[in-house]
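Please read the structure below before turning to the comments.
Only a predicted model underlies this, so the values are computations on that prediction, with no experimental measurement involved.
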There are 2 protein chains.
Amino acid sequence: MDKKTKITIKDVAAEAGVSFGTVSRVINDDIHVKPETRERVLQAMQRLGFVANRQARSLAGGKTNFIGLLVPDLGTGYIGEIIRGIDAELTLQGLDLVLYTTHRTASKEAAYVANLAQGMVDGLLLVLPRNPADYIGVLTQRKFPFVLIDHQGTGKDCPAVGATNWQGGYDATEYLIKLGHRRIGFITGWMDLGCAQDRLAGYRAALRTYHIPEDPDLIYEGTFFQPDGYTGAMKFLDLPNPPTAIFASNDVMAMGVMDAVRMRGLRVPEDISVLGFDDIPQASLVRPALTTVQQPLENMGRVAAQMLLDLIEQPERKVGRIELSTKLVIRESCQPPRC
Amino acid sequence: MDKKTKITIKDVAAEAGVSFGTVSRVINDDIHVKPETRERVLQAMQRLGFVANRQARSLAGGKTNFIGLLVPDLGTGYIGEIIRGIDAELTLQGLDLVLYTTHRTASKEAAYVANLAQGMVDGLLLVLPRNPADYIGVLTQRKFPFVLIDHQGTGKDCPAVGATNWQGGYDATEYLIKLGHRRIGFITGWMDLGCAQDRLAGYRAALRTYHIPEDPDLIYEGTFFQPDGYTGAMKFLDLPNPPTAIFASNDVMAMGVMDAVRMRGLRVPEDISVLGFDDIPQASLVRPALTTVQQPLENMGRVAAQMLLDLIEQPERKVGRIELSTKLVIRESCQPPRC
DNA sequence: CTTCTTTTTGTAAGCGTTTACACAAGGGCA
DNA sequence: TGCCCTTGTGTAAACGCTTACAAAAAGAAG
């Protein structure tokens with residue numbers, strides 16, 4: 001049916017018997033078009049199967065309608081959830097997503113940002129940026145719209161969305177304490193990341209509140225990957241006085257913990273309580289279902305996208321960090337310690 | 001430092017003391033530029049921090065340097081692995097990825113494809129397309145380059161890459177049989193997908209080869225999600241004569257199976273052997289580590305990207321389906337049945 | 001029926017490149 | 001020295017659209 005190679009606004013204009021300017025106005029929902037003319041144009045577009053050329057619109061209009069998304073990796077469902085939120089919001093505005101995976105190579109990150117900011121996209125969304133200090137300065141100075149997702153740290157006041165990691169760490173620890181636990185093992189995330197630091201700080205604060213002395217043996221430094229949970233738990237279980245509960249800084253490490261516990265012939269939660277962080281989809285699917293601190297990942301993506309859109313609209317507007325609240329989701333992996 | 005808003009080739013031309021045509025030639029690695037001129041231009045570009053405008057290049061050059069990627073979802077690591085491969089290959093060619101997540105809404109799929117094919121991208125990569133029949137015709141007829149990933153079915157001979165699902169199903173079943181199992185439960189994937197059908201067919205073929213009668217009670221129809229594995233296994237275990245091994249059509253369902261087995265107070269692999277399909281990163285991390293059929297996911301992505309690039313180069317070339325071979329990865333979740 | 005507004009529509013000038021074509025140098029050769 | 005090739009460089013015309021600005025049509029008011 002479509003024998004023509006490319007249908008342009010001129011073709012549509014000819015078909016509808018108007019000038020191409022009018023067609024352009026119809027495309028852009030310009031007010032100044034007589035309803036019946038608009039209708040005629042719309043039908044012509046329909047008939048010809050016209051789709052506006054993106055590149056041309058961008059060139060002439062000065063905006064690309066692309067948003068750049070930089071993510072470290074797509075291995076865990078974690079980032080998938082965030083993207084889902086971003087995607088939902090962007091689709092509403094007819095914007096498309098250009099995906100860059102940095103695979104944890106910090107160098108690529110800065111290079112990508114430099115290029116993208118040169119007009120390839122209208123705005124930038126950075127998930128779990130590794131060392132944003134490298135380019136935030138440039139971005140800010142150039143007034144290029146961007147939003148950081150799940151990062152805090154540089155102390156600089158720049159647009160970011162994250163979760164209340166400190167509070168999440170605190171709440172979870174408090175929950176374990178109230179269940180009666182006194183020796184609670186903690187497995188940290190990758191401590192270069194602010195979120196990992198905050199979760200640990202929350203854990204510590206809760207212990208302090210309840211006058212439980214902190215034991216350095218009960219803190220194992222991990223990197224957010226499952227094997228850390230396994231190894232950390234093994235180490236805890238080797239202790240002369242092992243913990244009765246283990247709180248891992250994310251769910252996948254918590255699953256590593258569960259494996260280790262089972263490996264030792266112990267049971268969750270009867271012998272050891274296990275608590276995670278994130279509430280990835282899998283958390284509710286393992287047995288026992290994991291009690292965890294829920295991060296509103298999808299919502300974080302959504303909010304970040306909204307912030308970015310606002311920023312694109314009004315670049316002057318000053319926005320800072322937004323923290324979405326975490327929520328303790330109680331399932332089956334924790335119970336009071338054995339007497 | 002960059003006080004100028006936009007640096008164009010004209011600025012570079014002025015800086016280098018040449019015409020903008022020459023600058024363009026330098027950008028495009030045109031042979032007809034005197035080495036020293038090239039050098040001068042390059043330095044000017046460097047000095048000015050010039051980055052070519054993507055939209056303008058696309059408009060004038062006729063290609064966008066974008067590849068469209070349609071995926072159903074990013075929940076499981078499965079697609080992340082594929083993207084990693086695609087990404088690696090595309091980066092080599094300086095192409096960027098525009099991401100569309102259809103979230104299993106078939107309607108969005110067709111709409112996206114229609115738009116994208118209208119010049120928004122140079123080619124299309126479709127991962128696990130739901131009902132490609134809707135648009136393959138249009139794409140083919142219009143000679144628009146595309147490659148299907150992990151799909152077979154329509155019988156039409158179109159560019160696709162997948163894995164040897166049948167063989168994988170066969171090999172795994174044979175392995176279980178050789179371990180001594182006679183009653184092997186099978187949990188299917190979502191049967192609308194060709195890969196799910198093939199795995200089941202492989203399972204059946206192996207049974208036939210070894211003259212083991214097929215028992216309809218030992219086949220549970222799932223949809224590739226973890227709860228299916230759980231439910232299916234529960235159903236098997238309720239049988240008067242339950243299976244001694246369970247083969248799930250993907251790893252996440254196999255993990256559901258493990259949960260169910262544990263829930264019943266049984267042990268993997270002592271009481272029940274469990275086998276998966278895919279070899280997602282998690283498979284080696286759970287305890288017992290999952291024996292599974294490895295799909296070369298990253299490589300599938302890479303090969304698909306290469307095929308697409310070839311197709312873009314020579315649109316006339318006829319390419320069909322490529323199948324990458326699966327491999328049985330033996331870990332800890334299977335052993336001979338108890339006497 | 002003018003004249004002045006207020007829509008509505010047409011026109012032309014870009015947006016930043018690529019690329020076919022024209023033109024200016026340098027050789028090589030007779 | 002003159003002529004023809006190369007090789008390197010400049011020029012102008014697209015690419016398909018947006019958007020001021022100008023022009024025409026349609027009301028409103030007198």
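Residues B/I79 and B/D73 come closest through the heavy atom pair CD1-O, 3.2 Å. Residues A/E81 and A/P281 come closest through the heavy atom pair OE2-CG, 3.7 Å.
Salt-bridge formation is detected for the pair A/E323/A/R321: a Lys NZ or Arg NE/NH1/NH2 atom is positioned less than 4.0 Å from an Asp or Glu carboxylate oxygen.
Dashed line: the shortest gap from a side-chain N or O of B/N28 to OP1 or OP2 of C/dT18 is under 4.0 Å. Taking only side-chain nitrogens and oxygens, B/S24 never comes nearer than 4.0 Å to OP1 or OP2 of C/dT17.
For the pair A/E36 CD and D/dA26 C1', the computed distance is 12 Å after rounding to whole Å. One atom, NZ of A/K10, and another, P of C/dA12, lie 11 Å apart when rounded to the nearest Å. The CG-C1' distance, from B/D30 to D/dG8, rounds to 10 Å in whole Å. Put simply, CZ on B/R25 is 11 Å from P on C/dA20, counting in whole angstrom units. Atom CD of A/E39 is separated from atom C1' of C/dT8 by 17 Å (rounded to the nearest Å). Computed from coordinates, the B/I31 CD1 to C/dT19 C1' distance equals 16 Å when rounded to whole Å. Atoms CE (A/M120) and C1' (C/dG16) sit 15 Å apart, rounded to a whole Å. Whole-Å rounding puts the A/I7 CD1 to D/dC17 P distance at 10 Å.
Residue B/T8 is classed as a sugar-phosphate contact, given heavy-atom separations below 4.0 Å to backbone atoms only. Contacts of A/G61 with the nucleic acid, taken as non-hydrogen atoms under 4.0 Å apart, involve only primed sugar atoms and P, OP1 or OP2.
Which of D/dG10, D/dG8, C/dT18 sits closest to the side chain of B/S19 comes down to D/dG10. Of the listed nucleotides (C/dT17, C/dT9, D/dT9), C/dT9 has the atom at the smallest distance from the side chain of A/H32.
Within a heavy-atom distance below 4.0 Å of DNA chain C, the residues of residues 53-60 of chain A found are A/L59, A/A60.
If you check the side chains of B/D96 and A/Y100, you find a donor sitting under 3.5 Å from an acceptor. Checked by atom type, the side-chain pair A/R54/B/N115 shows no donor-acceptor distance below 3.5 Å.
For B/R38 and D/dG8, a side-chain-to-base donor-acceptor distance below 3.5 Å is absent, hydrogens and geometry of angles not being considered.
For A/R25 and A/F20, the positive end is not near the middle of the six-membered ring at less than 6.0 Å and at most 45° from its axis.
Under the 6.0 Å cut-off for aromatic ring centres, A/F146 and A/Y135 do not qualify, their centroids lying 6.0 Å or more apart.
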